[in-house]
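What follows is one structure encoded as C-alpha coordinates, with my remarks underneath.
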2 protein chains.
Amino acid sequence: MYFEDFQVGDVFTTAAVTLTEAAIIDFAQRYDPQPFHIDNSAASESVYGGLIASGWHVLSLTFAEIVRTGIFDGGGQGSPGIDALRWLKPVRPGDTLHVELTVTDLRTSATRSDRGYVTLAFEILNQHDETVTSYTAVEIMRRRHPGKAEPGAPG
Amino acid sequence: MYFEDFQVGDVFTTAAVTLTEAAIIDFAQRYDPQPFHIDNSAASESVYGGLIASGWHVLSLTFAEIVRTGIFDGGGQGSPGIDALRWLKPVRPGDTLHVELTVTDLRTSATRSDRGYVTLAFEILNQHDETVTSYTAVEIMRRRHPGKAEPGAPG
(Lines give C-alpha, C1' and ligand atoms only; values in the text may rest on other atoms or scores of the structure.)
Protein backbone atom coordinates (compact mmCIF):
# COMPACT_ATOMS: atom_id res chain seq x y z
CA MET A 1 0.00 0.00 0.00
CA TYR A 2 1.01 3.60 -0.59
CA PHE A 3 0.11 6.94 0.99
CA GLU A 4 -2.77 7.47 -1.46
CA ASP A 5 -4.38 4.17 -0.39
CA PHE A 6 -5.24 5.43 3.12
CA GLN A 7 -8.32 7.44 4.09
CA VAL A 8 -9.06 8.98 7.50
CA GLY A 9 -11.40 6.58 9.29
CA ASP A 10 -10.07 3.42 7.63
CA VAL A 11 -9.86 0.54 10.13
CA PHE A 12 -7.51 -2.45 9.80
CA THR A 13 -7.74 -5.56 12.00
CA THR A 14 -4.94 -8.08 12.58
CA ALA A 15 -5.04 -11.81 13.13
CA ALA A 16 -5.14 -12.95 16.77
CA VAL A 17 -2.12 -14.26 18.66
CA THR A 18 -2.00 -16.14 21.97
CA LEU A 19 0.73 -15.65 24.58
CA THR A 20 1.85 -18.79 26.40
CA GLU A 21 3.51 -18.75 29.82
CA ALA A 22 6.71 -20.12 28.25
CA ALA A 23 6.78 -17.36 25.62
CA ILE A 24 6.12 -14.67 28.26
CA ILE A 25 9.02 -15.91 30.42
CA ASP A 26 11.37 -16.42 27.46
CA PHE A 27 10.84 -12.90 26.11
CA ALA A 28 11.17 -11.33 29.56
CA GLN A 29 14.38 -13.21 30.38
CA ARG A 30 15.95 -11.63 27.28
CA TYR A 31 14.43 -8.16 27.39
CA ASP A 32 12.58 -7.35 30.64
CA PRO A 33 13.72 -9.59 33.51
CA GLN A 34 11.52 -8.08 36.24
CA PRO A 35 10.18 -10.63 38.77
CA PHE A 36 6.52 -10.30 37.76
CA HIS A 37 7.45 -11.26 34.16
CA ILE A 38 9.73 -14.24 34.84
CA ASP A 39 8.88 -15.76 38.25
CA ASN A 40 5.40 -17.09 39.08
CA SER A 41 5.98 -16.97 42.81
CA ALA A 42 7.32 -13.40 42.89
CA ALA A 43 4.58 -12.36 40.45
CA SER A 44 1.86 -13.62 42.79
CA GLU A 45 3.17 -11.21 45.46
CA SER A 46 3.34 -8.24 43.09
CA VAL A 47 0.53 -5.74 42.48
CA TYR A 48 -0.46 -7.88 39.50
CA GLY A 49 -1.24 -11.01 41.57
CA GLY A 50 0.36 -13.32 39.01
CA LEU A 51 2.63 -13.56 35.99
CA ILE A 52 2.07 -10.89 33.32
CA ALA A 53 3.67 -10.31 29.92
CA SER A 54 6.26 -7.57 29.46
CA GLY A 55 4.71 -4.52 27.83
CA TRP A 56 7.48 -4.72 25.20
CA HIS A 57 6.39 -8.30 24.45
CA VAL A 58 2.76 -7.24 23.98
CA LEU A 59 3.85 -4.46 21.61
CA SER A 60 6.37 -6.51 19.62
CA LEU A 61 4.30 -9.66 19.22
CA THR A 62 1.23 -7.78 18.04
CA PHE A 63 3.35 -5.59 15.75
CA ALA A 64 4.36 -8.70 13.82
CA GLU A 65 0.65 -9.30 13.15
CA ILE A 66 0.27 -5.68 12.01
CA VAL A 67 3.11 -6.11 9.49
CA ARG A 68 1.51 -9.38 8.30
CA THR A 69 -1.72 -7.55 7.38
CA GLY A 70 0.29 -6.11 4.48
CA ILE A 71 -0.62 -2.47 5.14
CA PHE A 72 3.06 -1.46 5.04
CA ASP A 73 3.95 -3.63 2.03
CA GLY A 74 5.40 -1.61 -0.82
CA GLY A 75 5.18 1.88 0.65
CA GLY A 76 5.97 1.50 4.35
CA GLN A 77 9.18 3.21 5.44
CA GLY A 78 9.00 2.93 9.21
CA SER A 79 7.93 5.34 11.91
CA PRO A 80 9.45 8.41 13.57
CA GLY A 81 7.72 7.67 16.85
CA ILE A 82 4.81 6.95 19.16
CA ASP A 83 2.69 9.01 21.52
CA ALA A 84 0.38 8.28 24.43
CA LEU A 85 1.37 4.63 24.85
CA ARG A 86 -0.67 3.16 27.72
CA TRP A 87 -0.47 -0.34 29.18
CA LEU A 88 -4.06 -0.36 30.47
CA LYS A 89 -4.57 -3.95 31.55
CA PRO A 90 -2.20 -6.82 32.35
CA VAL A 91 -1.74 -9.55 29.72
CA ARG A 92 -1.59 -13.02 31.28
CA PRO A 93 -0.64 -16.50 30.03
CA GLY A 94 -3.30 -17.80 27.64
CA ASP A 95 -4.59 -14.36 26.64
CA THR A 96 -5.32 -13.92 22.93
CA LEU A 97 -4.66 -10.50 21.42
CA HIS A 98 -5.44 -8.70 18.20
CA VAL A 99 -4.98 -5.10 17.06
CA GLU A 100 -7.41 -2.63 15.55
CA LEU A 101 -5.74 0.29 13.74
CA THR A 102 -7.66 3.40 12.73
CA VAL A 103 -6.32 6.09 10.38
CA THR A 104 -6.72 9.43 12.18
CA ASP A 105 -4.67 11.84 10.06
CA LEU A 106 -2.91 12.09 6.68
CA ARG A 107 -0.22 14.63 5.73
CA THR A 108 2.10 14.93 2.77
CA SER A 109 5.70 15.84 3.53
CA ALA A 110 6.73 19.50 3.41
CA THR A 111 10.18 18.69 2.10
CA ARG A 112 10.02 15.28 0.39
CA SER A 113 7.60 14.97 -2.49
CA ASP A 114 7.88 11.18 -2.52
CA ARG A 115 6.29 10.48 0.87
CA GLY A 116 3.47 11.21 3.28
CA TYR A 117 2.67 10.60 6.94
CA VAL A 118 -0.20 8.36 8.07
CA THR A 119 -1.22 8.76 11.73
CA LEU A 120 -2.78 5.62 13.19
CA ALA A 121 -4.50 4.92 16.52
CA PHE A 122 -3.59 1.41 17.74
CA GLU A 123 -5.83 -0.55 20.12
CA ILE A 124 -4.59 -3.96 21.31
CA LEU A 125 -7.57 -6.00 22.52
CA ASN A 126 -7.82 -9.27 24.43
CA GLN A 127 -10.28 -12.16 24.05
CA HIS A 128 -12.82 -10.26 26.20
CA ASP A 129 -12.62 -7.27 23.82
CA GLU A 130 -10.91 -5.23 26.53
CA THR A 131 -8.25 -2.78 25.37
CA VAL A 132 -5.03 -3.89 27.06
CA THR A 133 -2.68 -1.40 25.34
CA SER A 134 -3.18 1.68 23.17
CA TYR A 135 -0.94 4.13 21.35
CA THR A 136 -0.78 6.44 18.37
CA ALA A 137 2.01 6.40 15.81
CA VAL A 138 2.96 8.05 12.56
CA GLU A 139 3.96 5.79 9.68
CA ILE A 140 6.04 7.10 6.78
CA MET A 141 4.50 5.89 3.50
CA ARG A 142 5.78 6.30 -0.04
CA ARG A 143 3.46 8.14 -2.43
CA ARG A 144 2.32 6.18 -5.46
CA HIS A 145 2.27 9.44 -7.43
CA PRO A 146 4.87 11.82 -5.98
CA GLY A 147 3.43 15.33 -6.02
CA LYS A 148 4.61 18.69 -4.87
CA ALA A 149 5.89 19.04 -1.34
CA GLU A 150 3.80 21.40 0.76
CA PRO A 151 5.74 24.37 2.08
CA GLY A 152 4.71 25.09 5.64
CA ALA A 153 3.63 21.55 6.43
CA PRO A 154 5.70 19.51 8.92
CA GLY A 155 8.83 17.66 7.81
CA MET B 1 15.19 0.66 45.39
CA TYR B 2 12.01 2.26 46.64
CA PHE B 3 10.15 5.49 45.89
CA GLU B 4 12.02 7.37 48.63
CA ASP B 5 15.39 6.48 47.05
CA PHE B 6 14.80 8.69 43.97
CA GLN B 7 15.44 12.45 43.71
CA VAL B 8 14.57 14.73 40.80
CA GLY B 9 17.76 15.12 38.76
CA ASP B 10 19.20 11.70 39.59
CA VAL B 11 20.86 10.13 36.53
CA PHE B 12 21.34 6.38 36.00
CA THR B 13 23.49 4.89 33.22
CA THR B 14 23.27 1.35 31.89
CA ALA B 15 25.91 -1.00 30.57
CA ALA B 16 26.45 -0.93 26.80
CA VAL B 17 25.10 -3.55 24.41
CA THR B 18 26.04 -4.20 20.77
CA LEU B 19 23.54 -5.24 18.09
CA THR B 20 24.81 -7.77 15.55
CA GLU B 21 23.30 -8.18 12.10
CA ALA B 22 22.17 -11.70 13.04
CA ALA B 23 20.40 -10.44 16.18
CA ILE B 24 18.73 -7.60 14.25
CA ILE B 25 17.38 -10.01 11.62
CA ASP B 26 16.35 -12.66 14.18
CA PHE B 27 14.35 -10.18 16.30
CA ALA B 28 12.70 -8.64 13.24
CA GLN B 29 11.69 -11.99 11.76
CA ARG B 30 9.76 -12.69 14.97
CA TYR B 31 8.37 -9.24 15.73
CA ASP B 32 8.80 -6.71 12.91
CA PRO B 33 9.34 -8.41 9.53
CA GLN B 34 9.58 -5.27 7.40
CA PRO B 35 12.10 -5.52 4.50
CA PHE B 36 14.53 -2.92 5.90
CA HIS B 37 14.86 -4.99 9.11
CA ILE B 38 15.30 -8.48 7.59
CA ASP B 39 16.68 -8.18 4.05
CA ASN B 40 19.98 -6.44 3.26
CA SER B 41 19.17 -5.99 -0.40
CA ALA B 42 15.70 -4.50 0.16
CA ALA B 43 17.11 -2.38 3.00
CA SER B 44 19.68 -0.81 0.70
CA GLU B 45 16.84 0.46 -1.51
CA SER B 46 14.83 1.86 1.43
CA VAL B 47 15.08 5.40 2.79
CA TYR B 48 17.58 3.99 5.32
CA GLY B 49 20.12 2.88 2.72
CA GLY B 50 20.88 -0.35 4.58
CA LEU B 51 19.72 -2.76 7.27
CA ILE B 52 18.46 -1.12 10.48
CA ALA B 53 17.23 -2.57 13.77
CA SER B 54 13.51 -2.63 14.57
CA GLY B 55 12.58 0.17 16.93
CA TRP B 56 11.03 -2.48 19.20
CA HIS B 57 14.38 -4.29 19.28
CA VAL B 58 16.23 -1.11 20.29
CA LEU B 59 13.71 -0.51 23.08
CA SER B 60 13.56 -4.09 24.36
CA LEU B 61 17.28 -4.85 24.26
CA THR B 62 18.20 -1.65 26.08
CA PHE B 63 15.37 -2.15 28.58
CA ALA B 64 17.03 -5.37 29.72
CA GLU B 65 20.12 -3.30 30.57
CA ILE B 66 17.94 -0.83 32.48
CA VAL B 67 16.48 -3.66 34.59
CA ARG B 68 20.01 -4.98 35.19
CA THR B 69 21.08 -1.67 36.76
CA GLY B 70 18.90 -2.72 39.70
CA ILE B 71 16.92 0.52 39.92
CA PHE B 72 13.63 -1.40 39.91
CA ASP B 73 14.81 -4.15 42.30
CA GLY B 74 12.62 -4.40 45.37
CA GLY B 75 10.18 -1.58 44.69
CA GLY B 76 9.55 -1.62 40.95
CA GLN B 77 5.98 -2.49 39.96
CA GLY B 78 5.99 -1.74 36.25
CA SER B 79 4.79 1.20 34.23
CA PRO B 80 1.40 2.58 33.13
CA GLY B 81 2.85 3.98 29.94
CA ILE B 82 5.20 6.02 27.80
CA ASP B 83 5.03 9.42 26.12
CA ALA B 84 6.91 11.17 23.34
CA LEU B 85 8.75 8.09 22.07
CA ARG B 86 10.98 9.13 19.15
CA TRP B 87 13.18 6.94 16.98
CA LEU B 88 15.59 9.73 16.05
CA LYS B 89 18.40 7.89 14.26
CA PRO B 90 18.67 4.44 12.67
CA VAL B 91 20.52 1.72 14.60
CA ARG B 92 22.71 -0.40 12.34
CA PRO B 93 24.62 -3.69 12.74
CA GLY B 94 27.61 -3.21 15.02
CA ASP B 95 26.19 -0.18 16.83
CA THR B 96 26.71 -0.14 20.61
CA LEU B 97 23.97 1.39 22.73
CA HIS B 98 23.53 2.46 26.32
CA VAL B 99 20.78 4.33 28.16
CA GLU B 100 20.88 7.40 30.36
CA LEU B 101 17.82 7.82 32.60
CA THR B 102 17.06 11.06 34.41
CA VAL B 103 14.43 11.44 37.15
CA THR B 104 12.20 14.38 36.13
CA ASP B 105 9.24 14.09 38.52
CA LEU B 106 8.14 12.31 41.72
CA ARG B 107 4.54 11.94 42.92
CA THR B 108 2.96 9.87 45.66
CA SER B 109 -0.29 8.11 44.80
CA ALA B 110 -3.58 9.85 45.60
CA THR B 111 -5.32 6.59 46.42
CA ARG B 112 -2.63 4.03 47.37
CA SER B 113 -0.46 4.92 50.32
CA ASP B 114 2.03 2.14 49.51
CA ARG B 115 3.31 3.51 46.22
CA GLY B 116 4.58 6.49 44.26
CA TYR B 117 5.25 7.43 40.67
CA VAL B 118 8.73 8.16 39.32
CA THR B 119 8.84 9.94 35.95
CA LEU B 120 12.01 9.22 33.99
CA ALA B 121 13.43 10.66 30.77
CA PHE B 122 15.15 7.91 28.75
CA GLU B 123 17.90 8.65 26.23
CA ILE B 124 19.32 5.73 24.23
CA LEU B 125 22.75 6.71 22.88
CA ASN B 126 25.06 5.08 20.36
CA GLN B 127 28.87 4.78 20.32
CA HIS B 128 29.12 8.31 18.86
CA ASP B 129 27.09 9.71 21.80
CA GLU B 130 24.20 10.44 19.43
CA THR B 131 20.70 9.97 20.86
CA VAL B 132 19.07 7.31 18.69
CA THR B 133 15.82 6.97 20.67
CA SER B 134 14.20 8.95 23.48
CA TYR B 135 11.04 8.63 25.58
CA THR B 136 9.57 9.46 28.95
CA ALA B 137 7.87 6.92 31.18
CA VAL B 138 6.32 6.68 34.61
CA GLU B 139 7.48 3.84 36.85
CA ILE B 140 5.34 2.65 39.77
CA MET B 141 7.57 2.22 42.84
CA ARG B 142 6.70 0.84 46.25
CA ARG B 143 7.26 3.22 49.18
CA ARG B 144 9.70 2.06 51.80
CA HIS B 145 7.64 3.90 54.42
CA PRO B 146 3.99 3.97 53.29
CA GLY B 147 2.54 7.35 54.19
CA LYS B 148 -0.77 9.04 53.69
CA ALA B 149 -2.24 9.10 50.24
CA GLU B 150 -2.63 12.61 48.86
CA PRO B 151 -6.22 13.52 48.01
CA GLY B 152 -6.30 15.49 44.81
CA ALA B 153 -3.08 14.04 43.39
CA PRO B 154 -3.29 11.74 40.34
CA GLY B 155 -4.08 8.00 40.67
Is there a path of hydrophobic side-chain contacts, each under 4.5 Å between heavy atoms of I, L, V, M, F, W or Y residues, that connects [X] with [Y]?
X: B/I24; Y: B/V132; value: yes
X: A/I38; Y: B/F63; value: no
X: B/F122; Y: B/L106; value: yes
X: B/L88; Y: B/Y135; value: no
X: A/V17; Y: A/I124; value: yes

Inset, instruction - Measure distances from A/F72 to the heavy atoms of chain B and classify the residue's part below 4.5 Å as side chain, backbone, both or neither. - result: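 Contact with chain B: side chain only.
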
Inset, instruction - Could you look at A/R68 and say if it's the side chain, the backbone, both or neither that has a heavy atom under 4.5 Å from chain B? - result: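 For A/R68, the side chain is the part near chain B, not the backbone.
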
Does any heavy atom of chain A fall under 4.5 Å from the side chain of [X], the backbone, both, or neither of them?
X: B/F36; result: side chain
X: B/S79; result: both
X: B/R142; result: side chain
X: B/E65; result: neither
X: B/V67; result: side chain

Inset, instruction - Please confirm whether A/Y31 and B/Y31 have ring centers closer than 6.0 angstrom. - result: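 No, the ring of A/Y31 stays outside the 6.0 Å limit from the ring of B/Y31, centre to centre.
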
Of all of [options], which one pairs up most often with chain A through heavy atoms under 4.5 Å apart?
options: B/A42, B/P35, B/S134, B/G78; answer: B/G78
options: B/G76, B/P33, B/G55, B/S46; answer: B/P33
options: B/I140, B/I52, B/L61; answer: B/L61

Inset, instruction - Might you point out which heavy atoms bring A/W56 and B/S60 nearest each other, and give the distance in Å? - result: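 That would be CB-OG, 3.5 Å.
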
Legend entry - Minimum heavy-atom distance A/A64-B/R30, with the two atoms named: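 A/A64 and B/R30 have their closest heavy atoms at CB-O, 3.4 Å.
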
Inset, instruction - First locate atom CG of A/L85, then atom CG of B/D83, and finally report the distance between them rounded to the nearest 0.5 Å. - result: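 One finds 8.0 Å between CG of A/L85 and CG of B/D83.
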
Legend entry - Distance, nearest 0.5 Å, that separates CG of B/L59 from CD1 of A/I82: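 Here the rounded value is 8.0 Å.
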
Legend entry - Sidechain-backbone polar pair: B/Y48 side chain, A/Q77 backbone, donor-acceptor under 3.5 Å: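 Checked: pair present.
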
Legend entry - Test item: A/V47 and B/R115 side chains (from C-beta on) under 4.5 Å apart, heavy atoms: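 A/V47 reaches B/R115 side chain to side chain.
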
Inset, instruction - Look at A/I66, A/D32, A/T133 and state which one has the largest set of heavy-atom pairs under 4.5 Å with chain B. - result: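 So the answer, after comparing A/I66, A/D32, A/T133, is A/D32.
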
